[in-house]
2 protein chains.
Amino acid sequence: MHLQSPPRTIPVDGPANRVYAPAYNRLQNTTGCKNRKEAGAVRQGASCDGLVMDMTIRKLAQLAGTSYSTVSRALNDSPLVKDSTKRHIQSLARQLGYQVNSSAKSLATGMQMNVGLVYPFHSLRPYESAYTSQAISRMRRELATHGLDALVAGYGGGEGPTDDITRLLRQKKVAGLIIFGYEVSRPQVDALLRLDAPFLLINPAPGIEDAPCHQIRIDHELGGYLAAQRLIAAGRRRLLCVTEAGEQFDVRLRGFARAVADAEEAITWDTLTIENGLYETAYDTVAAHLDEVRACDGVFAQSDLTSIGVLNCLLDTGVPVPEQISVVGYDDIEWAQYTRPALTTIHQPVSEVARLATDAIAAVIAGTQSDQYVEKLQPTLVDRESC
Amino acid sequence: MHLQSPPRTIPVDGPANRVYAPAYNRLQNTTGCKNRKEAGAVRQGASCDGLVMDMTIRKLAQLAGTSYSTVSRALNDSPLVKDSTKRHIQSLARQLGYQVNSSAKSLATGMQMNVGLVYPFHSLRPYESAYTSQAISRMRRELATHGLDALVAGYGGGEGPTDDITRLLRQKKVAGLIIFGYEVSRPQVDALLRLDAPFLLINPAPGIEDAPCHQIRIDHELGGYLAAQRLIAAGRRRLLCVTEAGEQFDVRLRGFARAVADAEEAITWDTLTIENGLYETAYDTVAAHLDEVRACDGVFAQSDLTSIGVLNCLLDTGVPVPEQISVVGYDDIEWAQYTRPALTTIHQPVSEVARLATDAIAAVIAGTQSDQYVEKLQPTLVDRESC
DNA sequence: CTGAAAGCGCTTACAG
DNA sequence: CTGAAAGCGCTTACAG
């Protein structure tokens, strides 16, 4: 077997006309390394079912009888390598359970095969919304089909660009970002743009839509329209929107208003503003304004969690739903089907968003997608029992 | 300002007595790099609010007027650096928004500051259980306080050790793993053990408990006991356990049986086995065995999702809960409080688990925790309306 | 098609 | 306390 060390071409005296001889690759040093590293790190030489933990392309090259350059090319399926050589090396690698050291690869290529999934940090809740959880869960799987791993992170309200949003990119921990954007600010997006790194916004706030970046939008105006339409079709004439303040909610309200205007019947509607989207907040706000709420016959709430707060408050105070008041939610999270009455709601196409977002970011990272990717998806009405 | 290049000590002719001059660090090469890399990667020199994307310790060193070794030490807060130098460098780094290249650091130290959060892949559901989501969400935050990022991954049933479970470790993408272990197999754990890498099991199946690895267990026997005790205290005498097959569920059943044996009253109990933990499965199974179910007066279901399936089926078929049949669930997911009647259930201490797991894995990674970490936590009963 | 070399951006033993 | 050097494990331009 041909070992790479010592290199056969080393001139005994060095070339006289060069002051500095090239630094011959340190081929010798497969074992005795100068820099120590233990302390919790994986022990050198540990093996697992015949799979060695610290297999490198250098060792693979020794076993295959080629240079490690060739091993590297073979493993990356380079067309420069002879087919038989490639097959030999690949099968050897498989047998020995070789896994590339992602840090080394990343350092050499300048790109880590991870994408950051970043969503707004709600200090109010110890966990993400059901909607976010479902989306993350699905994206992780889709990402895997592209050979990408998912790193999760949060971002705070308006803390500027030194958030996790840019950190992961700047540390080169991720090759790109999928950002659940409904709370990302314009300065943050601009900072990202200046970084010129791959990122994609899901559901950005209206003020962001004209930013020249990849986006997947949901037509929330239509969502609001659909909600009002359904309520009106159920014969409801005095409507109430339970909503948080914020541009992203106003859009839905605009759709709502348009449906009301489109209706042939005389419809009145009003708004009950809640401070945040927590279940408890919705519940308590409705309880505090019971008379106003009971004066209406149909409620549109801006998220399923909010809807469930409204629904439960109504039920607990003896208001029959949907007999006296209809309720329409928004999101169609898993739990919307488990309430009694089951929640009629506007479905956000999470699976589709996950698939598209994932394909898009993968393409951007691969350099396949160069121009701005913008997709606008339509929500749909899911008819259940609460309206 | 003293720049590092060219090195002042280069002998013009090279030392005569050495064949190979030492390879002087390539200090020159801060700009003209040989290896190209673009294609979706972050553009060189892009800047963001005065923060340069590709700031390195080399450039920092030039600006600070020291060697980059000193910069490295200063940034890592080494006691070897003079305090004033350290402060100078650190403030410069902060000003310029320097962020370490995590791949380079990882390659040099052998450890990446990420931990993998791995949970069982349920092919049946497009998203994780609410319990898992909540745990992941909390762990991510706790991890951040240790300077660790969270990488999420799944593992399949019994596909052996070439899962994501070992992949992330072997690729050096993570320094350690937190594994939601209720479906991890003994061979998988053994493979992990042979790898000698930091990992911690949450809630492993009973057959794993004697493996010499870090674990956080929940006393599910007690959980089962508490459930039966509550049902009995509510005057229930003919009990039914709705459960999946599996060791981890048998433990709860044992606790349940013990409570029945401890009771002074004559209690009968039976088991209704469901094929999996899906809501629909629970609902349909109860519907298919309505007579048997109606013959009992108290149900203990093995997860909240299952309980809600049972609850809804009962409600939908006109059985009043808890008047005719009491229901006790397991897990205490967020949604348990939103059902009507609100679900009485066994609370798993997710927050505590998240905090402990996170502290433990951080300690193991840091090398602080050397002996086996085993924590056994106790579930508690949450009394609501369904029992 | 293949190999030797240089480089990616860090850390750290070694030698002042 | 500081600097120059070597090394981490890859990729890839360059030269056969």
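In what follows, chains are A, B, ... by sequence order, proteins preceding strands, each numbered from 1.
Computed from coordinates, the B:I57 CD1 to C:dT12 P distance equals 11 Å when rounded to whole Å. The distance between atom NZ of A:K172 and atom P of C:dC8, rounded to the nearest whole Å, is 11 Å. What separates NZ of B:K173 from P of D:dG9 is a distance of 18 Å, to the nearest Å. Between B:L107 atom CG and C:dG9 atom P the separation is 12 Å, expressed in whole Å. Regarding B:Q112, its CD atom lies at a distance of 13 Å from the P atom of C:dC10, rounded to whole Å. Here the C1' atom of nucleotide C:dG9 and the CE atom of B:M55 are 13 Å apart, to the nearest Å. Across the protein-nucleic acid pair, B:Y68 atom OH and D:dG3 atom P stand 11 Å apart, rounded to whole Å. One can place CE of B:M111 at 18 Å from C1' of C:dG9, the figure rounded to the nearest angstrom.
Between the side chain of A:H214 and the backbone N or O of A:Y373, at least one donor-acceptor pair lies under 3.5 Å. Under the 3.5 Å distance criterion, the side-chain polar atoms of A:Q188 are matched with a main-chain donor or acceptor of A:S185. A side-chain donor-acceptor contact under 3.5 Å links B:T145 to the backbone of B:E142. In this structure, the side chain of A:Q90 engages the main chain of A:A74 through a donor-acceptor pair within 3.5 Å.
Closest to the side chain of B:S69, from the set D:dA6, D:dG9, D:dG3, is D:dG3. Of the candidate nucleotides D:dG7, D:dC10, C:dC8, D:dC10 has the atom nearest to the side chain of A:V100.
On the C1' atoms, D:dG16 is 16 Å away from D:dT12, given to the nearest whole Å.
The stretch residues 76-91 of chain A touches DNA chain D through A:N76, each having a heavy atom under 4.0 angstrom from the strand.
Contact annotation: B:T70 reaches the phosphate of D:dG3 (side-chain N/O to OP1 or OP2, under 4.0 Å). Note on B:Y98: every side-chain N or O is 4.0 Å or more away from OP1 and OP2 of C:dG9. For D:dT11, the OP1/OP2 oxygens have no side-chain nitrogen or oxygen of A:T109 closer than 4.0 Å. Regarding contacts with the backbone of D:dT11, a side-chain N or O of A:K105 is found under 4.0 angstrom from either OP1 or OP2.
Annotated stems with DNA chain C as a participant read C:1-3 with D:14-16, C:5-12 with D:5-12, C:14-16 with D:1-3, given as range with range, by first number; only runs of 3 or more Watson-Crick or G-U pairs under 3.5 Å qualify.
Each of B:S103 and B:R73 lies near DNA chain C, and the nucleotide nearest B:S103 is the one positioned closer to the 5' end.
Residues A:S103 and A:S106 bring no donor and acceptor atom of their side chains to less than 3.5 Å of each other.
Classification of the B:Y119-B:F180 ring pair by plane angle, with boundaries at 30° and 60°, yields perpendicular.
Atom-to-atom distance recorded for A:L201:CG and A:I179:CD1 is 5.5 Å, nearest 0.5 angstrom.
Judged by distance alone, with hydrogens and angles left aside, B:S67 brings no side-chain donor or acceptor close enough to the base of D:dA4 to form a pair under 3.5 Å.
A:D149 has a carboxylate O that lies under 4.0 Å from a charged side-chain N of B:R167, or vice versa, which qualifies the two as a salt bridge.
Two residues are said to be in side-chain contact when any heavy atoms from C-beta on lie closer than 4.5 Å; B:F199 and B:I178 fail this criterion.
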Pairs of donor and acceptor atoms involving the side chains of residues 75-83 of chain A, under 3.5 Å and at least two apart or interchain, shall be tabulated with distances.
from	atom 1	to	atom 2	distance (Å)
A:N76	OD1	A:K105	NZ	2.9
A:N76	ND2	A:S72	O	2.9
A:D77	OD1	A:K86	NZ	3.3
A:S78	OG	A:L80	N	2.9

